[in-house]
Amino acid sequence: MHVKQLHPWPSTVAEAESIQDRLRGHVELTGPTAFTLVAGLDVHYHGDDELTAAVVVLDAGTLAPVEQVVAYGKAAFPYVPGLFAFRELPALVTALELLTVTPGLLVCDGYGLAHPRGFGLACHLGVLTGLPSLGVGKTPFVGTHEPPEQERGAWTPILHEGATVGRALRTQPGVKPVYVSQGHRISLDTATSQVLHLAAHYRLPEPIRHADHLARHPS
DNA sequence: GCGACAG
DNA sequence: ATCTTGTCGC
C-alpha cells in the first residue's frame, strides 16, 4: 500500500513538536463504523537502536491472519515521552508499504488523541496513510480517569484539559484496563467497540498480539 | 519548582 | 522497550 512521504525528518525536539502541531489539523474524528480487514502494528527493540517493525492484517470477522510483513530498521529519534512516534514511524511505514492488501483500520500500540499535544503515534500513522486508526495503550499516559467497573466492556472517560481524549476500557473481567484513543477517521464509540471486539479472548486486541509475536520472532 | 512521563 | 523463574489463581 502507499504511504505519504515522511520528510522532512526532525532532528530536534522543537522540530518534532512543530510537525505534530502542524499535522494535528489533518486529523478527522469521524469515519467508518465497520471494517473488513484490520491491521495490528508493533515494534520490537534489540540493542541500542535496532528494531523490528511488524504488521499483521487480520480478517475482522474471523480474526484469522491474512498477511504479515516485517521491516528492520533503527530508532529514528531519541526516546522522548510525547515524541515516541518518531522512533518507530520509518520502520512501520516501510512495513506498511510491503503490504499487498490495504487494511481498513490500523490498530496501533500506543496513543492517538490522548497525547500531550493531541497527536500520538496512532494519529500520525492515520494521517500518513489516510486510513482510519486507533491507539491502544497498556499504561495511562495523559489525563485522569476513574477505574472502570470490573466487568468486560466497562469503561470510563480519560479527561485532559477539559476534554474527553480517550477511554479506559476493561477488555477482560478483573484484568487491568487498556487505554483507547482515536487516531484518525474514527469516532471514540467505534474505536471502543472495535477494541472490545478484537480483544474477545485476551486483554490486548488480537492484531496487536499477532504483531507483537511476529516482531519478536520473525520467520 | 520538581518529578513523572506511550514504547 | 529491555534485564528475568516460578508461582498463584481462575
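Order of the sequence lines sets the chain letters (A, B, ...), proteins ahead of strands, with each chain counted from 1.
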Query raised in the report: Are A/Arg209 and A/Tyr202 in a cation-pi contact, defined as NZ or CZ under 6.0 Å from the six-membered ring centre and within 45° of the axis?
Result: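 Yes.
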
Select base, sugar-phosphate, or nothing to describe what [X] touches, counting heavy atoms under 4.0 Å on all strands.
X: A/His44; result: sugar-phosphate
X: A/Leu83; result: base
X: A/Leu51; result: nothing
X: A/Gly82; result: base

Between [N] atom [atom2] and [X] atom [atom1], what is the distance in whole Å?
X: A/His124; N: B/dA6; atom1: NE2; atom2: C1'; answer: 15 Å
X: A/Asp109; N: B/dA6; atom1: CG; atom2: P; answer: 12 Å
X: A/Leu125; N: B/dA6; atom1: CG; atom2: C1'; answer: 13 Å
X: A/Arg216; N: B/dG7; atom1: CZ; atom2: P; answer: 12 Å
X: A/Lys74; N: B/dG7; atom1: NZ; atom2: C1'; answer: 19 Å
X: A/Leu134; N: B/dA6; atom1: CG; atom2: P; answer: 19 Å
X: A/Tyr111; N: B/dG7; atom1: OH; atom2: C1'; answer: 11 Å
X: A/Asp48; N: B/dG7; atom1: CG; atom2: P; answer: 20 Å

Query raised in the report: Does A/Phe141 lie flat on the base of B/dA6, that is, centres under 5.5 Å apart and planes under 30° off?
Result: yes

Query - B/dA6 base stacked by A/Tyr179 (centroids within less than 5.5 Å, tilt under 30°) - result: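 A/Tyr179 ring does not meet the centre or angle cut-off for B/dA6; no stack.
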
Report task. Name the closest nucleotide to the A/Pro81 side chain, picking from C/dT2, B/dG7, B/dC5. Result ->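 Nucleotide nearest to A/Pro81's side chain: B/dC5.
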
Report task. State whether A/Asp48 and A/Lys74 are salt-bridged, where the test is any N-O pair (Lys NZ or Arg NE/NH1/NH2 against Asp/Glu carboxylate O) under 4.0 Å. Result ->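 Not counted as a salt bridge, because no side-chain N and carboxylate O are separated by less than 4.0 Å.
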
Query raised in the report: Is A/Glu17 salt-bridged to A/Arg117, going by a charged N under 4.0 Å from an acidic O?
Result: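 So A/Glu17 pairs with A/Arg117 through a salt bridge.
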
Report task. Please answer whether the main-chain N or O of A/Cys123 pairs with a side-chain N or O of A/Arg24 as donor and acceptor at a distance below 3.5 Å. Result ->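 No: the side chain of A/Arg24 does not pair with the backbone of A/Cys123.
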
Requested in this report: Verify the contact: side-chain N or O of A/Thr139 to OP1 or OP2 of B/dC5, cut-off strictly under 4.0 Å; return yes or no.
Outcome: no

Query raised in the report: If only side-chain N and O atoms of A/Lys138 are considered, is one of them under 4.0 Å from the OP1 or OP2 phosphate oxygen of B/dA6?
Result: no

Query raised in the report: Counting only heavy atoms not in A/Glu151, do more than 12 sit closer than 6.0 Å to its CD atom?
Result: yes

